[in-house]
Every structure is written in structure tokens, then in C-alpha cells.
Amino acid sequence: MIHKHAFEALDKSLKDVLCTDTNMADQPLFGGKVVVFGGDFRQILPVMQGGSNQDVVTSCLTSSYIWRECKVLNLTKNMRLLQGNNPSEIQETGDFAQWLLDIGEGKAGGDNDGDSEIVIPHDLLIHDSSDPVSDLIDFVYPSFLDNFGEQDFWSERAILAPTNEVVDDINGRLLSLVPGEEHEYLSSDSVCQDEIVGDDVEHNLYSPDVLNCLHISGIPNHRLVLKVGVPVMLLRNIDQRNGLCNGTRLQIVSLGKHVIEAVVISGSNIGFRTFIPRLSLVPTDKRVVFRFKRRQFPISVCFAMTIHKSQGQSLSRVGLYLKDPVFSHGQLYVALSRVKSKKGLKILILDEDGRPTNVTRNIVYKSIFSNL
Ligand SMILES: Nc1ncnc2c1ncn2[C@@H]1O[C@H](COP(=O)(O)OP(=O)(O)OP(=O)(O)O)[C@@H](O)[C@H]1O
């Protein structure tokens with residue numbers, strides 16, 4: 001979800017361009033233009049690094065002066081969930097849709113606000129298994145090697161997890177099963193010129209070895225290992241007209257030294273072939289206190305992806321791997337609601353001792369709903 005300041009900036013810009021009245025109080029919102037917002041406050045709210053619950057809630061559009069003039073229209077039907085053909089399937093879909101809403105609104109397993117523990121129904125769980133992670137992988141990617149060459153096989157499946165560490169672990173495990181030669185691409189990392197002060201201590205602090213070790217959300221790792229046929233996700237908008245946006249999934253066709261050929265497998269331009277170059281990527285993560293750039297292909301392997309990255313996706317098969325519990329408002333709801341049918345969802349929750357369990361954390365800041 002976008003920070004309210006982005007909408008307020010648009011409001012001010014449109015007022016500047018469209019209003020002749022210099023008295024701010026008399027200028028209509030968005031310069032008199034009608035603006036339609038679409039969103040779901042049960043989903044993940046703006047990311048505020050180090051921010052409190054209240055900081056997150058007040059960063060939303062509902063806490064802006066704009067909201068006072070918004071008219072709210074509610075959508076009532078979950079269009080992603082495929083309706084069944086017979087009464088029992090229709091009933092099951094309806095019950096599942098209601099359960100998702102209860103998770104999103106903090107009502108599942110009793111009324112709760114903030115962090116709560118919820119019990120996941122038995123039929124959605126991976127349990128009683130000697131190797132539960134393999135079972136989850138087999139559920140999402142059955143007959144992995146037989147289906148490996150099929151483009152359609154990759155377009156509607158994913159394993160989701162809250163953190164990049166777990167995602168990298170699953171991706172590494174599945175990549176090792178893929179037949180074919182491994183290609184390793186190492187990034188070139190350097191501190192941005194405006195950060196260099198010519199001091200030896202600073203120079204050593206920011207040496208390439210140090211920069212190479214940084215794993216930062218939103219940019220690829222220093223070491224990117226790929227094979228032909230592997231599904232990858234774009235991490236930047238590189239050609240929006242042809243559907244090559246941040247989050248688009250592609251399958252690798254060939255791996256060159258300077259360029260990677262891939263075919264789009266998700267979104268509106270499925271089948272489109274393209275060449276991906278290396279880009280200089282500058283992380284925006286405020287926890288990195290200096291600016292540096294990483295020159296690397298803007299992609300990551302996506303057998304598994306983080307819940308944040310899965311926002312907006314509709315998938316026919318989802319394996320939710322909760323080795324660690326979710327950590328932000330709406331994360332569990334987003335993960336569970338990516339799927340098009342209840343049958344396409346399995347969840348593996350591990351307890352502190354690494355054993356499968358049926359209880360996990362849900363986080364819902366109820367104050368976000370108070371203005372709706
Ligand atoms: N009017 C409709 N008729 C049929 N299918 C629809 C309709 N609207 C949406 N869908 C389907 O529902 C799914 C979700 O749609 P879409 O991604 O636009 O919703 P969204 O609100 O952006 O979802 P989310 O925010 O949960 O990612 C898609 O598979 C889409 O094809």
C-alpha cells in the first residue's frame with residue numbers, strides 16, 4: 001500500500017496545475033479531478049522501517065485530509081476464488097472466503113487486535129510428515145522433473161514465506177534439482193560517489209567485500225545462480241508497455257555473459273520474449289546508512305517468494321511456509337488470499353523446535369478500519 005504522502009503530493013501538483021484560485025482553502029481536491037482509489041486495508045500497509053503500529057496506521061490514506069472527502073464503495077464478492085459447480089463446492093468456497101475475511105479483520109478464533117495466535121484448520125496443513133518441507137514442495141510442484149520444461153507449469157504456482165532467508169533457502173534447494181549447467185553471476189558493488197570522503201577508515205568500512213555480503217530486500221544478491229528453464233521474477237520496471245514490471249515472472253530461455261533471454265509467464269503479456277541487461281541498482285532500505293550501487297541482473301529465482309512480493313498475484317497452487325511467523329499487519333491475509341481455490345492451498349507451520357504445528361501468528365491493527 002502506498003504512503004499517504006504520495007496521494008497528497010498528487011493533490012498538491014494537480015492543484016498547482018489546474019487551479020487559478022491562489023487561496024489554498026478554496027482549491028478543490030485534486031484540482032477538481034475525480035480520482036478513484038482501489039485498495040484493501042486488510043492487506044499489508046505501507047512499510048515503515050522501525051515504525052510503531054501507530055506510525056503505520058497514520059501513514060495510510062485513511063489518516064490524510066484527503067480521506068474526509070472520499071466516498072467509500074465496498075466490493076462484496078471475492079472474484080479470485082473460483083466458484084464450484086455443485087452446492088457443496090459453492091458452500092466450501094463461500095466458507096473459505098468468509099474465513100479469509102475473518103483472518104484479515106482479526107476475527108478468526110475470537111475477536112483480537114494486534115498480535116494474536118490462530119489455529120489453522122487441519123485440512124489446510126502439512127502435518128504428520130517425516131520431511132514436511134519436501135511434502136510442501138511436492139504439493140506445489142508435483143513431478144517437478146517431469147513438468148520442468150512446461151511453461152504453464154510455473155506461471156500459477158509459488159511457495160510463499162515471510163522472510164528472504166527462508167525464500168532463498170527454498171529457491172536454492174529447488175534450483176539444485178533442476179537439470180543443466182549452473183551459471184553464476186557476481187555483481188559489481190561500489191559506494192555511490194557522493195558518499196566517498198577520501199578517508200581510509202571509511203574506505204575500508206565500505207570495501208567491495210563488505211558490500212558483497214549485504215542481502216537487501218528489493219535488490220538481487222551479490223551472487224545470482226541461474227539455470228535455463230528456471231522461473232525468475234523481475235525486481236524493477238524495465239519496459240512497462242510490454243508488461244516487464246517489478247513482480248513480473250519470466251522463465252529463463254538462455255544465459256549469456258552480458259544478457260539473459262527470458263519469456264514472460266505472468267501478467268498480460270505471457271509468451272513475450274525479452275533480453276534482460278544488468279542494471280545499477282541503488283537500495284532504498286534506510287537500515288543501510290550509506291548509499292551504494294549494485295550492478296546485477298534485476299531478477300531473482302522465484303520458485304519461492306516473500307509474501308510482500310506476492311501481493312497482486314493470483315495463483316492456482318500456493319504453499320505457505322511459516323518457518324517463522326508473519327511480522328506485519330495483513331501479511332497472513334495476503335498470503336492466504338493469493339490462491340484461487342481452497343484445494344490449491346497448503347500451509348506448513350513449524351514451532352520453535354522445528355516440528356509441524358497448527359498454531360500461527362496473525363497481526364491486524366484494527367484502528368485502520370475505524371475510519372472506513
Ligand atoms: N469482474 C470480474 N470478473 C471475473 N473475474 C474477475 C473480475 N474481477 C477480478 N477478477 C479476477 O479476480 C482475480 C483478482 O483480481 P485483481 O488482481 O484485479 O484483484 P485485486 O483486488 O487487485 O486483488 P489483490 O489486491 O488481492 O491482489 C483475478 O484473477 C481476476 O481475473
Side-chain angles (χ1 to χ4, degrees), residues 1-4 6-7 35-47 56 59-62 70-85 89-90 92-108 124 140 151-162 167 231 233-235 237 240 243-249 264-271 302 304-320 326 328-345 347 362-365 368-369 372:
M1 190 168 289
I2 300 173
H3 196 290
K4 68 179 178 185
F7 301 115
V35 176
V36 180
F37 305 103
D40 180 354
F41 291 97
R42 301 177 197 93
Q43 295 194 2
I44 298 170
L45 301 176
V47 175
V56 173
S59 71
C60 294
L61 183 61
T62 45
C70 287
K71 181 176 180 195
V72 180
L73 303 172
N74 291 301
L75 300 175
T76 53
K77 188 170 176 188
N78 186 330
M79 298 303 295
R80 179 176 283 119
L81 288 176
L82 305 169
Q83 302 303 313
N85 295 323
E89 282 177 353
I90 293 169
E92 186 185 74
T93 304
D95 292 347
F96 183 59
Q98 186 56 51
W99 182 68
L100 292 177
L101 290 177
D102 288 347
I103 299 262
E105 291 166 11
K107 295 177 186 163
L124 289 174
V140 179
Q151 188 180 308
D152 293 350
F153 185 70
W154 304 109
S155 58
E156 293 231 342
R157 295 158 195 270
I159 294 171
L160 309 182
V167 164
M233 180 179 272
L234 265 183
L235 302 175
N237 294 336
Q240 279 160 285
L244 299 174
C245 306
N246 188 352
T248 302
R249 283 182 293 147
V264 174
I265 58 170
S266 73
S268 54
N269 224 356
I270 293 175
C302 70
M305 65 182 90
T306 60
I307 296 170
H308 278 80
K309 267 284 170 206
S310 76
Q311 291 180 89
Q313 306 262 356
S314 292
L315 303 165
S316 56
R317 211 166 263 218
V318 169
L320 177 57
V326 296
S328 70
H329 167 100
Q331 231 180 346
L332 187 63
Y333 170 74
V334 166
L336 297 173
S337 61
R338 295 309 87 206
V339 79
K340 291 183 184 173
S341 71
K342 186 182 176 190
K343 286 190 190 71
L345 174 67
I347 306 166
N362 187 27
I363 304 178
V364 179
Y365 303 152
I368 191 68
F369 305 125
L372 301 184

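Counting starts at 1 for both ligands and their atoms, in listed order. Note: hydrogens, waters and symmetry copies are ignored here, and every other heavy atom, side chains too, is used.
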For the side chain of Thr248 and the backbone of Gly243, is there at least one donor-acceptor N/O pair under 3.5 Å apart? yes

Specify whether the nearest protein heavy atom to atom 10 (N) of ligand 1 is under 4.0 angstrom away. yes

Exercise: identify the closest heavy-atom pair between Ile44 and Gln311: CB-OE1, 3.7 Å

When distances are taken from atom 25 (O) of ligand 1, the protein heavy atom at minimum range is Gln43 NE2, 3.1 Å

Check for a donor-acceptor pair, side chain of Ser266 on one end and backbone N or O of Arg249 on the other, with a separation under 3.5 Å. yes

Look at atom 17 (O) of ligand 1 and find which of Arg338, Gln313, Arg80 reaches it with the closest heavy atom. Arg80

Hey, is Ser337 one of the residues with a heavy atom under 4.0 angstrom from ligand 1? no

Is_contact(atom 15 (O) of ligand 1), protein non-hydrogen, under 4.0 Å: no

Any idea which protein heavy atom is nearest atom 28 (C) of ligand 1, and the distance to it? Ser314 OG, 3.7 Å

Ligand 1 N/O within reach of Gln311 N/O, cut-off under 3.5 Å: no

Restricting to heavy atoms, the pick from Lys77, Met79, Glu156 nearest atom 2 (C) of ligand 1 would be Met79

As a quick check of understanding, evaluate side-chain contact (heavy atoms from CB on, under 4.5 Å) for Leu160 and Met305, giving each step before the final call. CA-CA 5 Å; Leu160 309 182; Met305 65 182 90; 3.5 Å; yes

Step through the shown structure and confirm whether more than 12 heavy atoms of other residues, nucleotides or ligands are within 6.0 Å of CD1 on Ile90. yes

Can you find an N/O atom of Lys340 closer than 3.5 Å to an N/O atom of ligand 1? no

Asn237 side-chain N/O to Asn246 backbone N/O, donor-acceptor pair under 3.5 Å: yes

What do you reckon, is CG of Leu75 surrounded by more than 12 foreign heavy atoms closer than 6.0 Å? no

